[in-house]
**Q** 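Below is a structure I'd like to ask you about.
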Amino acid sequence: MPLIMITNDDGVDAPGLRILAEALGTLGRAIIIAPERDNSAASHSLTMRRPLRVREISADVYAIDGTPADCVMVGIKKVLPARPDLVASGINPGANLGDDINYSGTVSAAREGTLLEIPSLAVSLATANGEPCLYPVAARQALILAAELLERGMPPNTLFNVNVPNRPAVEILGRRYTRQGRRLYDNAIQETFDPWGQRHYWIGGGTPRWSKEPETDVQAVQAGYVSVTPLHLDMTNHQVLQGLLAK
Ligand code: MN
């Protein structure tokens with residue numbers, strides 16, 4: 001029976017995590033190892049200046065007082081009874097498209113799984129602000145992809161970044177394999193003043209502008225498709241490298 005590690009960046013109590021574990025639990029033994037608290041936008045940070053505590057919450061559910069990457073690293077090396085066959089991260093309430101990938105804790109958890117040579121995927125639900133999250137729709141898509149990955153495996157050094165439109169299953173038009181687009185934010189830094197008149201800056205929110213290039217993750221989700229982007233650990237720009245070497 002496959003062993004599947006489930007994690008996220010929203011914390012162990014997040015509804016998307018439990019629904020993902022339930023769905024993938026039909027494929028094998030799903031064990032949750034997730035951060036104690038919300039770690040959204042934690043990216044791939046590791047906790048190195050203090051020890052980490054693993055808390056067993058119930059059967060096959062663990063919380064670690066660290067980041068998503070901590071959870072995957074410590075989870076795989078110290079908590080799980082064996083090497084997992086799959087790492088699944090999510091379901092994040094909010095898309096991880098284009099430039100978001102650089103900041104995403106959800107994607108970084110899957111990236112850590114890939115660094116440890118386990119087939120990994122990150123699953124996010126592309127919601128608009130305040131909209132109710134249709135987690136079961138994304139869970140169903142995650143289940144289909146996870147079954148495919150368990151059967152066919154994953155090319156080395158590659159993870160899947162999956163974004164599901166937040167719409168009823170009948171309104172999802174299909175799956176598209178995509179490349180990473182650009183998702184740019186206007187007014188992403190709010191200026192506020194504390195009671196003493198001191199100016200502060202608050203990062204978050206902002207209005208996303210969507211890049212218009214074809215075949216991107218951004219475009220597929222906007223058009224109503226499940227976007228599956230194969231991300232590579234190697235961030236080298238090979239085209240530029242070839243040019244530099246040719247000089
Ligand atoms: Mn999150």
Side-chain angles (χ1 to χ4, degrees), residues 4-24 30 32-47 52 57 61-75 86-114 120-139 141-142 145-146 159-167 180-181 183-185 188-190 202-208 217-218 221 226-229 231:
I4 301 167
M5 177 177 165
I6 310 288
T7 191
N8 73 350
D9 74 349
D10 302 307
V12 74
D13 296 320
L17 177 78
R18 301 303 176 115
I19 292 171
L20 182 63
E22 241 169 73
L24 300 198
I32 292 177
I33 306 172
E36 287 275 5
R37 285 168 292 279
D38 186 11
N39 267 264
S40 294
S43 188
H44 208 126
S45 58
L46 287 178
T47 304
L52 295 167
I57 294 176
V61 181
Y62 299 86
I64 298 183
D65 60 338
T67 65
D70 291 336
C71 288
V72 176
M73 186 184 273
V74 174
L86 185 74
V87 173
S89 174
I91 299 165
N92 192 64
N96 278 303
L97 297 164
D99 303 297
D100 296 343
I101 292 167
N102 296 302
Y103 308 102
S104 170
T106 308
V107 174
S108 295
R111 192 191 292 127
E112 184 61 32
T114 308
S120 301
L121 75 164
V123 186
S124 305
L125 196 54
T127 56
N129 271 345
E131 212 175 45
C133 292
L134 303 178
Y135 288 117
V137 178
Q141 296 297 328
L145 270 162
L159 57 137
F160 275 174
N161 183 37
V162 183
N163 282 273
V164 180
N166 192 43
R167 43 167 92 184
Q180 182 181 352
R183 191 193 203 205
L184 310 155
Y185 288 89
I189 304 174
Q190 308 299 320
W202 198 324
I203 299 175
T207 314
D217 51 2
V218 172
V221 166
V226 175
S227 166
V228 178
T229 309
L231 299 177

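All residue numbers refer to positions in the sequence shown, counting from 1. When a ligand or atom number is given, it counts from 1 through the structure's own listing order.
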**Q** Is atom CD1 of Ile57 surrounded by more than 12 heavy atoms (other residues, nucleotides or ligands) closer than 6.0 Å?
**A** yes
**Q** Flag Asp9 as yes if one of its N/O/S atoms falls below 2.8 Å of the Mn ion (ligand 1), otherwise no.
**A** yes
**Q** Is the closest side-chain donor-acceptor distance between Thr106 and Asp9 under 3.5 Å?
**A** yes
**Q** Taking the Mn ion (ligand 1) as the reference point, name the nearest N/O/S atom of Asp10.
**A** OD1
**Q** For a distance under 2.8 Å, tell me if Asn92 has an N/O/S atom near the Mn ion (ligand 1).
**A** yes
**Q** Quick check: do Arg18 and Val61 have side-chain heavy atoms less than 4.5 Å from each other?
**A** yes
**Q** Check this for me: Leu184, atom CG, are more than 12 non-hydrogen atoms of other residues, nucleotides or ligands nearer than 6.0 Å?
**A** yes
**Q** Counting backbone and side-chain atoms alike, does Asn39 have an N/O/S atom under 2.8 Å from the Mn ion (ligand 1)?
**A** no
